[in-house]
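In what follows, a structure is listed as C-alpha cells, so that the remarks can point back to it.
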Amino acid sequence: MSADKYYTLAEGCPFASSSTAVLMRNRQGGGLGLLQDTQLIETLAHFSRERIPERVVHAKAIGAYGEFEAIGDCSDITSASFLKKDGKKTPVLLRVSTVGPESGSADTSRDVHGWGMKMYTDEGNLDWVFNNTPVFFIRDPIKFPSMNRSHKRHPKSHLPDANMFWDFHVGNPEGIHQLLVLFSDRGTPQSVRFLNSYSGHTYKFTKEDGSFKYIKIHMKTCQGVKNFTQEEATKIAGEDPDYMIRDMFEAIEREEYPSWNVFVQVMDPSEAENYKWNIFDMTKVWPHTDFPLRKIGKMTLNRNPGNYFADIEQAAFSPSNMVPGFSASADPVLQARLFAYPDAARYRLGVNYQQIPTNAAKAPVYCPFQRDGKMRMDGNYGGDPNYVNSSLQPTKFYQEIKGGSPQSLSLHTEHEQWVGEVTTFTSHITDDDFVQPAALWEVIGREPGHQDRVIANLAGSISGVKSSKLRHEVYTLFSHVNQDLGTKVMKATEAAIKH
Ligand code: HEM
C-alpha cells in the first residue's frame, strides 16, 4: 500500500499525492500552478504561518513534565490544597529559559535563567514564574522594557551592546546586587539540572480565616549547584549552543530524573512592618539567619514533552495564576507582572490560550463569563447564561463539573486594609542598597578564586564600553560595593582594552 493512503488534507479529504503538485504541464517540462491544487496551496500557506511570536523575553528554553510532592504539614501557614497533605502529588510543567537572547541563541550565555513552573492543582493552576537569582535588576516596574532592551540588540547595529548594557545600569544602580550575582559563577550554570530557583518576590500564604504570612520560595537542586567558568561557557556556546537542552532532555530519557527540594522563608506581617529591609523590594533578600528555610515539598521532572511546540512553546505562565491559599504581595514589580503575562499570552497565543491543552487546568473549569473569541475549542458553554446573577439554571456544562459546585471551593480574601495616597514611584538609591551586595562580595570571597573570576567576567563585559567616562562610572558603581572590587575591575578592564 502506498504511504499516501495514510495521509489526508487537514479537512480529512484524501491527498492525490502528498509529494507532488498538480500542474498544467507543457511539453518542455514547465508547469503552471492551479488554484484547484488545494494540497499545494494549503501546504504552502500553513508553512508560512508556522511561527508564532517569540516571547519578547525568555525565548530560548527547555521544558519537561513532572510532579510536585508536598512534604510535611503546612496547615499552620496556608490552606492551599496542593500542600494540604504530606505526600500529596500535583502534576507539574517546567520551562527554563535564558532571558535576553533569541530562541536560536546559545543557552550557556551569561544570563539570568528563568523558571516557569505550572502546577495543575485540584483547585486550578498555580504558576511559579521565578528566576535562578533571588534578586532582580529593578524595583519600579516601568523600567522593565528599558532594562531588557539595554540587554538585547542595539537598534542600529543589531548587535548586543556593552555600551547600552552598562549605561542602563549606571543610570539605574539599584540593580547592583543582581549584577554581582549575574557576573558570579551563577551567571553560567552548567545545566538546568544544576541550578536553584527563587521566587525573589515576596508572596503570601493565606488561610481560610483571612490571616496570612509573607513568604519567599526557594527551590534547591538535589543535583548540587554546578557552574561553568566563562571560558567553558563560551567554548560550549560555540560547539553546542543547545547544550542545556540536550543535557536535560537526555538525562530524562536515561531516567535520571532531576529533582529540587522546595523551601519557604516565612514572615509574620507584624515582623514586616519594622523589618530592616523593604520586603516589597526585590533587590533585597531576607537573610536566612533572620528567616530560616522551611521545607514544604519536592519537585521531580520525569517526562520529556511529546512535542516541543505543543507543550512548551504554547505554554503560558503567569504569576497571576494563583490558587486559594496563595496570593500576591504588594511588591510593585509583582503587581505589574500580574498584568503583563496574560496580556503577552493573549498576543502570542490568542484570547483562548487557557484552552490549549498544555495550559488547560486539570481542575474543573466553569467560566461562562469568558465566551467566544478566536480559536474557541470547546462547546463555549452552549446556552448557559453569559451574564451574572441569572435566575436561569445552568445546563449540562455546569452539571458536568466534577467534584461539586464552584462555590464549594475555599475562596476567601485576606483581612488586609489599605490607606495610602496616589503618588509616583519614588526609588532613591541609598547606602542601604549597597549593604547586601557588599555582604555577597564577602560570601563570594569564601570560595577560592571566585572573586578573581567575577572581576575577570566583569572586565570582559565592561571592556566593550567605548566611552572612558562611562567605564569609570561603572568602576565607581562597583567601588560603592567594595573599594577593592572597584579598583580591581578598573585595572583588569583597562588592561584588557590596552591589549
Ligand atoms: C515588571 C517586571 C516584569 C515584566 C513586565 C515581565 C514581563 C514578561 C513577559 C512579557 C514575558 C513573556 C511572557 C510570554 O510571552 O508568555 C516574561 C517571561 C518571563 N518572565 Fe518576566 N517580567 C518581569 C519580571 C520578571 C521577574 C522579576 C521574574 C522572576 C522572578 C520573571 C520571570 C520570567 C520568566 C521565568 C519568564 C518565562 C516564562 C515562560 O517560560 O514562558 N520576570 N516576562
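Quantities reported herein were computed from a predicted structural model and do not represent experimental measurements. We count ligands from 1, going down the list as the structure has it; atoms in each ligand are counted the same way. Side-chain atoms are counted along with the backbone in the values below, which use heavy atoms only and exclude waters and symmetry mates.
Sorted by chain and number, the residues within 4.0 Å of ligand 1 by heavy atom are R55, V57, H58, R95, G114, W115, V129, F130, N131, F136, P141, F144, S199, H201, M282, F317, V333, R337, A340, Y341, A344, R348.
Cation-pi geometry between K216 and Y198 is not satisfied (NZ or CZ under 6.0 Å from the ring centre, within 45° of the ring normal).
Remark: R149 pairs with no residue by the salt bridge (charged side-chain N to carboxylate O under 4.0 Å, His left out) rule, at least two apart or across chains.
N304 and E253 share a donor-acceptor pair across their side chains, judged by distance under 3.5 Å alone. Side-chain contact, D111 with T98: no donor N or O sits under 3.5 Å from an acceptor N or O.
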**Message:** Please evaluate residues R294 and D76 with respect to the criterion salt bridge (Lys or Arg N to Asp or Glu O under 4.0 Å), reporting the C-alpha separation (whole Å), side-chain torsions for both, the decisive distance (0.1 Å), and the verdict.
**Reply:** CA-CA 12 Å; R294 170 172 165 177; D76 57 323; 2.9 Å; yes
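Rounded to the nearest 0.5 Å, atoms NE2 (H201) and CZ (F136) are 7.0 Å apart.
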